[in-house]
> 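Handing you a structure now.
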Amino acid sequence: MRIATWNVNSIRTRVGRVVDWMVREDVDVLAMQEIKCKPEQFPHEAFEEAGYELAIHGLNQWNGVAIASRAPITEVETEFPNMPGFLKGHDGPDLPKEARAIGATVDGVRVWSLYVPNGRSLGDPHLHYKLDWYAALTDYARAETTAHPERPFALMGDFNVAPLDIDNGDPTVVVGQTTHVSPEERAAFFALENAGVTDVVRARVPEGLYTYWDYKQLRFPRNEGLRIDFILGSAAFAEAVTSASIHRDERKGDAPSDHVPVLVDLALGDDDDDRPMIF
DNA sequence: ATGCCTATTGCGAATAGA
């Protein structure tokens, strides 16, 4: 199974690019973030014509997540337990939930497409929201990997943290001045990894390969990006991974997303794609 | 450097992204 994540930054603007890439790369499952539309606005025909079914969670022009899959999608959820909500200017326990998470089961693999809150700036309430979101996600990951250790489980998406200094090549992203690299955000990311899910891509790609470059200030031509998009897999998921790649070329050309896709190849027990069963 | 990129809503300026 070839499974990928991509912050598409509006699926309506990017649908041709996204489906072309999926077909070209023989992708079986794609977790998308920032679709920026409601389900009824999603360009589903292009996916269906290419052989994919969809699970979509979008409430308005902000955020929005989806999963496309060649194999049937079951057990769709649009939030994890205790996922925080957010409403600017408000505080409290019962704020509306944003469209930042969708979970589904495909071929026995439990996958989530996640768009972690940005944080906006140091000291902004949105940063507290981001850290609360991480804490609830960490509790969920620990519970899920403990309850079903045999089931491959993956958290995929835009985590909006550059965990290591080598993941930050953007000179405007500075420890002590901006989000994404603060000790608190990095600690939240590492706590998530310590809850039973690990980065299955890092060891398989070159150091200093980013997944995001700001549209401004020639960030991409200067290669001043961030590595903030990840595939975090449980032990059962991680041991099935045979290869991984970051598709930097998808930042080139006309009307790219500011993020590029991240892909892993899984050798599952019932995988009949590429390896004949030998008796 | 007084400007910077893109998308959405809705038709312009505001919000958001990171």
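Letters go in sequence order (proteins before strands), and every chain restarts at 1.
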> Using a cut-off of strictly less than 4.0 Å between a heavy atom of the residue and any atom of DNA chain B, enumerate the qualifying residues of residues 113-123 of chain A by number.
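The answer is A/Y115, A/N118, A/R120.
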> In whole Å, what is the span from the NZ atom of A/K38 to the C1' atom of B/dT8?
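Whole-Å distance recorded here is 12 Å.
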> Show the atom names and distances, to 0.1 Å, of all donor-acceptor pairs under 3.5 Å that link a side chain in residues 45-52 of chain A to residues at least two apart or in another chain.
| from | atom 1 | to | atom 2 | distance (Å) |
| --- | --- | --- | --- | --- |
| A/E48 | OE1 | A/H44 | ND1 | 3.3 |
| A/E48 | OE2 | A/H44 | ND1 | 3.4 |
| A/Y52 | OH | A/V27 | O | 2.6 |

> Roughly, in whole Å, what's the span from OH in A/Y129 to P in B/dA18?
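Nearest whole value for this atom pair: 13 Å.
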> Could you check how far CG of A/N9 sits from P of B/dT8, rounded to whole Å?
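Distance, rounded to whole Å: 8 Å.
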> So does A/K130 pair up with A/E185, basic N to acidic O under 4.0 Å?
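Looking at A/K130 and A/E185, the cut-off is met.
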> Would you mind telling me which residue lines up with the more 5' stretch of DNA chain B, A/Q41 or A/Y215, judged by nearest nucleotide?
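Of the two residues, A/Y215 wins.
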> Does OP1 or OP2 of B/dA16 have a side-chain N or O of A/Q61 closer than 4.0 Å?
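False: A/Q61 side-chain N/O out of range (4.0 Å or more) of B/dA16 OP1/OP2.
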> Which residues pass the salt bridge (charged side-chain N to carboxylate O under 4.0 Å, His left out) test with A/D199, sequence neighbours left out?
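In terms of salt bridge (charged side-chain N to carboxylate O under 4.0 Å, His left out), with neighbours along the sequence ignored, A/D199 is linked to A/R202, A/R227.
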> Does B/dT9 have its OP1 or OP2 closer than 4.0 Å to a side-chain nitrogen or oxygen of A/K36?
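It does not, given that no N or O in the side chain of A/K36 lies less than 4.0 Å from OP1 or OP2 of B/dT9.
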> Using the P atom as the reference point in each nucleotide, state the distance between B/dT2 and B/dA16 in Å, no decimals.
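It works out to 27 Å between them.
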> If you compare every side-chain N and O of A/N160 against the phosphate oxygens of B/dA18 (OP1, OP2), does one of them come in below 4.0 Å?
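Result: yes.
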> If only side-chain N and O atoms of A/R219 are considered, is one of them under 4.0 Å from the OP1 or OP2 phosphate oxygen of B/dG17?
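For A/R219, the contact criterion (side-chain N or O under 4.0 Å from OP1 or OP2 of B/dG17) is not met.
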> Please determine if a side-chain N or O atom of A/H259 lies less than 4.0 Å away from the OP1 or OP2 oxygen of B/dG17.
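Looking at the OP1 and OP2 atoms of B/dG17, neither is under 4.0 Å from any side-chain N or O of A/H259.
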> So A/N9 and A/S257, side chain to side chain donor-acceptor pair (under 3.5 Å) or not? Walk me through it.
CA-CA 6 Å; A/N9 186 17; A/S257 171; 5.0 Å; no
> If I take atom CG in residue A/N63 and atom P in nucleotide B/dA16, what distance separates them, rounded to the nearest angstrom?
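Spelled out: CG on A/N63 to P on B/dA16 is 10 Å.
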> Suppose you measure atom C1' in B/dA7 against the same atom in B/dG12; what distance do you get, rounded to whole Å?
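That atom pair is separated by 15 Å.
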> So what does A/D124 hit on the nucleic acid, given a heavy-atom distance under 4.0 Å: a base, only sugar-phosphate, or nothing?
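Nothing: the residue A/D124, judged by heavy atoms under 4.0 Å, touches no strand.
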> Take the protein atom CD of A/E224 and the nucleotide atom C1' of B/dC5, then report the distance between them rounded to whole Å.
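Taking CD of A/E224 and C1' of B/dC5, I get 15 Å after rounding.
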> Under 4.0 Å between a side-chain N or O of A/R14 and OP1 or OP2 of B/dT6?
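Checking B/dT6 against A/R14, no side-chain N or O comes under 4.0 Å of OP1 or OP2.
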> Would you mind reading off the distance between A/Q33 atom CD and B/dT6 atom C1', rounded to a whole angstrom?
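Whole-Å distance recorded here is 18 Å.
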> Taking only side-chain N and O atoms of A/S10, does any of them lie within less than 4.0 angstrom of OP1 or OP2 on B/dG17?
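No, A/S10 has no side-chain N/O under 4.0 Å of OP1/OP2 on B/dG17.
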> How many whole angstroms separate atom CG of A/N60 from atom P of B/dA16?
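Checked: the CG to P distance equals 11 Å.
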> When you measure from the side chain of A/Q217, which nucleotide among B/dA16, B/dT9, B/dC4 comes out closest?
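Minimum distance to the A/Q217 side chain belongs to B/dC4.
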> Can we say A/R186 and A/D165 salt-bridge, meaning some charged N sits less than 4.0 Å from an Asp/Glu carboxylate O?
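A salt bridge is present here (some side-chain N lies under 4.0 Å from a carboxylate O).
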> Check A/K252 with A/D249, please: is the shortest side-chain N to carboxylate O separation under 4.0 Å?
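Here A/D249 pairs with A/K252 in a salt bridge, since their nearest N and O are under 4.0 Å apart.
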> How would you label the contact of A/R251 with the nucleic acid (heavy atoms, under 4.0 Å): base, sugar-phosphate, or nothing?
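Nothing, no heavy atom under 4.0 Å.
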> For nucleotides B/dC4 and B/dG10, find the distance between their P atoms and express it as a whole number of Å.
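The answer is 26 Å between these two P atoms.
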> Could you give the distance separating B/dT8 and B/dG3 at their P atoms, to the nearest angstrom?
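These two P atoms come out 26 Å apart once rounded.
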> Rounded to whole angstroms, how far apart are OH on A/Y212 and P on B/dT6?
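These atoms are roughly 12 Å apart.
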> Salt-bridge test for A/R2 and A/D28: reply yes if a basic N is under 4.0 Å from a carboxylate O, no otherwise.
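So A/R2 does not pair with A/D28 through a salt bridge.
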> Ignoring backbone atoms, establish whether A/N7 has a side-chain N or O less than 4.0 Å from OP1 or OP2 of B/dA18.
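Yes, within the criterion.
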> Hey, is the side chain of A/R227 poking within less than 4.0 Å of OP1 or OP2 on B/dA18, counting only N and O atoms?
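For A/R227, the contact criterion (side-chain N or O under 4.0 Å from OP1 or OP2 of B/dA18) is not met.
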> Can we say A/E34 and A/R100 salt-bridge, meaning some charged N sits less than 4.0 Å from an Asp/Glu carboxylate O?
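No, this pair does not count.
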> What integer number of Å spans the C1' atoms of B/dT15 and B/dA1?
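My reading of the C1' atoms in B/dT15 and B/dA1 gives 25 Å.
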> Under the 3.5 angstrom rule, does the side chain of A/W6 hit a backbone N or O of A/H259 as a donor-acceptor pair?
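Checking the backbone N and O of A/H259 against the side chain of A/W6, a donor-acceptor pair under 3.5 Å is found.
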